[in-house]
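Everything below concerns the one structure shown next.
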Amino acid sequence: MSFAIDIAAFVEKAKGNSEQVVRKISLDMLASIVERSPVGNPDLWKANKDAVDYNNAVNELNAAARLVPENVNKRGHLKPGRKLNDSMELSAGNGYVGGRFRGNWQVTINQSAIGETGRVDPQGSETLSAGNAAISAYTIADQSVWMTNNVPYAMRLEYGHSSQAPQGMVRLVAAEFQQIVNRAVQELAK
């Protein structure tokens, strides 16, 4: 999955600051895409529905027990023997690593990235740092800035496979493109 910014389309708006504008737009778009990229949450997986429901029921029973004054001590904690200590383990799947999708956004100039980064970045900070470094190398002689994610399941995530990003990431940022351009031009004109 890739997103290429057509530089020529808005150079006119930028007047004399086209490199700065392209960099600003690219940084803003990357930040938005990375922020919207889902990080696996086993609590949301269909395979874990029974475990999540069971654990929620245990929590509700303990919360109800806390409402009975004789069940709690002076600090508001359940007295020994009054708390239900039980839970079901969540399955994270074989080889699952949260943050792999978010960590695999790559920024390149003039051509799409090939392969994966291998980066696991649930917060997105390493991904943004690497992207910022690539974007800072952009010059007006360049044709395009590419933002690519080559994990095998990227297209599925973009088209609704994740309840955390049901409308995708790239499509939302593409729909906001003109607003991002206008904001960048305004900010740099100050």
Under the side chain to side chain contact (heavy atoms under 4.5 Å, CB included) test, residues paired with Pro152 that sit two or more places apart: Arg100, Glu116

Asn182-Gln178 side chain donor-acceptor pair, cut-off 3.5 Å: yes

Exam field: side chain Ser32 to backbone Met29, donor-acceptor pair closer than 3.5 Å: no

Side chain Ser37, main chain Ile33, donor-acceptor under 3.5 Å: yes

Main-chain N/O of Ser125 paired to Ser129 side chain as donor or acceptor, under 3.5 Å: no

Heavy-atom pair of closest approach, residues Phe101 and Tyr153: N-OH, 3.6 Å

Contact summary for Leu30 and Asn132, nearest pair of heavy atoms: CD2-N, 4.4 Å

Other cluster members, Ile114 - Ile/Leu/Val/Met/Phe/Trp/Tyr, side-chain contacts below 4.5 Å: none

Contact list for residues 55-79, test side-chain hydrogen bond (donor to acceptor under 3.5 Å, both in side chains), sequence neighbours left out: Asn71-Arg82

Closest non-hydrogen atom pair between Ile140 and Ser18, with its separation: CD1-OG, 2.9 Å

Residue pairs involving residues 166-176 (criterion side-chain hydrogen bond (donor to acceptor under 3.5 Å, both in side chains); sequence neighbours excluded): Arg36-Glu176, Glu158-Arg171

Euclidean distance, Tyr138 OH relative to Glu19 CD, rounded to 0.5 Å: 6.5 Å

Under 3.5 Å donor-acceptor, Arg102 side chain and Pro122 backbone: yes

Side-chain donor-acceptor pair present, Thr148, Trp105, cut-off under 3.5 Å: no

Any side-chain heavy-atom pair of Ser144 and Gln111 under 4.5 Å: no

Residue pair Gly103 / Asp121: nearest heavy atoms and the distance that separates them: CA-CB, 3.7 Å

Asn149 and Asn104: side chain donor to acceptor below 3.5 Å: no

Non-neighbouring partners of Ala165 that pass side chain to side chain contact (heavy atoms under 4.5 Å, CB included), sequence neighbours left out: Pro38, Met169

Non-neighbouring partners of Glu126 that pass salt bridge (Lys or Arg N to Asp or Glu O under 4.0 Å), sequence neighbours left out: none

Test item: Ile180 and Val173 side chains (from C-beta on) under 4.5 Å apart, heavy atoms: yes

Atom pair CG/OG of Leu157 and Ser162 - distance to nearest 0.5 Å: 6.0 Å

Main-chain N/O of Ile25 paired to Asp28 side chain as donor or acceptor, under 3.5 Å: no

Minimum heavy-atom distance Gly98-Val120, with the two atoms named: O-CG1, 3.1 Å

CG-CD1 distance between Leu27 and Ile135, expressed to the nearest 0.5 angstrom: 4.0 Å

Exam field: side chain Gln106 to backbone Ala113, donor-acceptor pair closer than 3.5 Å: no

Common cluster, Val34/Leu172, ILVMFWY with side-chain heavy-atom separation under 4.5 Å: no

